[in-house]
Amino acid sequence: MRHFLTLKDYTKDEILEIIDLAKKIKKETKNREFIPYLQNQTLAMIFEKSSTRTRVSFEVGIYQLGGVGLFLSKNDIQLGRGEPMKDTARVIGRMCDMVMIRTYEQKKLEEFAAYSDVPVINGLTNEYHPVQLMADYLTMIEYGKANNPVVAYIGDGNNMAHSWLMLASKLGFTLRVATPKGYEPDRDIFNEALEFAKRSGAKIELLHEPKEAVKGADVVTTDTWISMGQEEEKEKRLKDFEGFMVDKELMGLAKEDAIFLHCLPAYRGYEVSEEVFEEHANEIFDEAENRLHAQKGIMVWLDGKRRE
Ligand code: CP
Ligand code: NVA
């Protein structure tokens with residue numbers, strides 16, 4: 001049995017296998033063919049943080065696969081009153097077939113997974129957002145940007161930056177990460193990505209100058225400067241991230257046909273300008289839709305592994 005906690009645990013071949021499955025299921029879905037790959041299965045969805053896309057895509061996804069999703073908000077379950085993760089994991093594993101968790105520390109997710117008899121999927125932690133990156137990569141393929149691309153990630157060295165590091169270093173493409181000083185990705189995660197890059201041939205660069213990162217890029221991407229749980233740092237962060245907005249001028253340095261991706265929610269006038277956002281709305285909302293298809297691929301793949 002496998003969990004889906006970070007792309008660090010996945011080989012290039014496995015990532016591509018899941019993407020192929022997602023493509024196939026997307027095509028079927030577009031033809032209104034709803035094949036019950038996960039008939040009568042139940043997905044428990046535990047949320048300790050807010051969500052629009054993750055909740056909707058997992059709930060719709062499991063339903064379209066013939067199963068049902070249980071939305072479990074921290075405020076409504078005993079976890080929120082202090083019941084240990086490991087007990088919650090053991091109870092849910094007796095009744096459900098798969099679990100998705102959105103929480104704070106990756107360690108909490110790992111603890112849950114260690115006690116879970118059923119596959120656990122990371123729906124975002126402070127450190128990683130791997131399901132998002134599967135949707136992002138599917139979008140890159142659809143826009144013809146998956147063949148040895150140069151990707152520029154501008155902004156905070158957060159869960160999204162870490163997940164891009166894992167994707168690029170596993171698949172072997174070029175990733176330039178530009179952050180303000182003091183907001184670099186976690187050093188251990190960055191070093192791990194460098195190790196993977198040695199094997200895959202990926203080129204990973206850490207910069208502090210957005211223009212340098214974006215020059216000639218095929219894909220430009222960013223994320224909020226204030227992630228969930230960092231609300232108190234807002235004032236300081238807005239100051240520290242000055243000059244890191246992806247605006248028309250910055251985007252103009254990328255390749256002429258470059259795409260812009262954003263995991264959403266987007267804060268216009270901060271990490272991205274209204275103009276760039278609206279000019280690239282097509283790819284951004286294709287990316288959001290691809291959450292549904294990519295996660296169906298992940299769930300069906302995990303179910304297959306359990307049956308092997
Ligand atoms: N991108 C993403 O995970 O969005 P939500 O926070 O709305 O789930
Ligand atoms: N970095 C953001 C991503 C939201 C989908 C956060 O963790 O809040």
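Just follow the structure's listing: the first ligand is 1, and inside any ligand the first atom is 1. Excluded from the calculations below are hydrogen atoms, water molecules and symmetry mates; all remaining heavy atoms, backbone and side chain alike, are included.
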List for me each residue that meets side chain to side chain contact (heavy atoms under 4.5 Å, CB included) alongside Ala135, sequence neighbours excluded, and say none if there are none.
-> Asn290, Arg291, Ala294
Tyr153 versus Ala161, closest heavy-atom pair with distance | CE2-CB, 3.6 Å
Does Tyr104 have Lys49 sitting over its ring (NZ/CZ under 6.0 Å from centre, angle to axis within 45°)?
-> yes
Atoms of ligand 2 close to Asn159 [distance to a heavy atom under 4.0 angstrom, numbered from 1] = 1 (N), 2 (C), 6 (C), 7 (O)
Sub-4.0 Å heavy-atom environment of ligand 1, residues by chain | Ser51, Thr52, Arg53, Thr54, Arg102, His129, Gln132, Cys263, Leu264, Arg291
Glu249, CD atom: more than 12 neighbouring heavy atoms under 6.0 Å = no
Please could you name the atoms of ligand 2 that Asn158 approaches to less than 4.0 Å, counting only its heavy atoms?
-> 1 (N)
For Cys263, is at least one N or O under 3.5 Å away from an N or O on ligand 2?
-> no
Near-ring test Tyr183/Phe241, centroid separation under 6.0 angstrom = yes
Just wondering, are more than 12 heavy atoms of other shown residues or ligands nearer than 6.0 Å to CD in Glu231?
-> yes
Hey, which of Glu283, Glu287, Glu271 is the one that makes side-chain hydrogen bond (donor to acceptor under 3.5 Å, both in side chains) with His262?
-> Glu271
Which residue and heavy atom of the protein sit nearest atom 8 (O) of ligand 2, plus the separation | Met228 N, 2.8 Å
Please say whether Asp223 places an N or O atom under 3.5 Å from an N or O atom belonging to ligand 2.
-> yes
Compute both the distance and the angle, then confirm whether Arg2 meets the cation-pi test with Tyr10: under 6.0 Å from the six-membered ring centre, within 45 degrees of the axis.
-> yes
Using the salt bridge (Lys or Arg N to Asp or Glu O under 4.0 Å) rule, collect all pairs that involve residues 129-139, keeping only residues at least two apart or in two chains.
-> none
N/O of Ser227 under 3.5 Å from N/O of ligand 2, yes or no?
-> yes
Under 4.0 Å from a heavy atom of Leu264: give me the atoms of ligand 2 that qualify, with their elements.
-> 5 (C)
Of the choices Thr52, Thr54, Leu124, Asn126, which has the non-hydrogen atom that lies closest to atom 4 (C) of ligand 2?
-> Leu124
Would you please name every residue forming a side chain to side chain donor-acceptor pair (under 3.5 Å) with Tyr270, sequence neighbours left out?
-> none
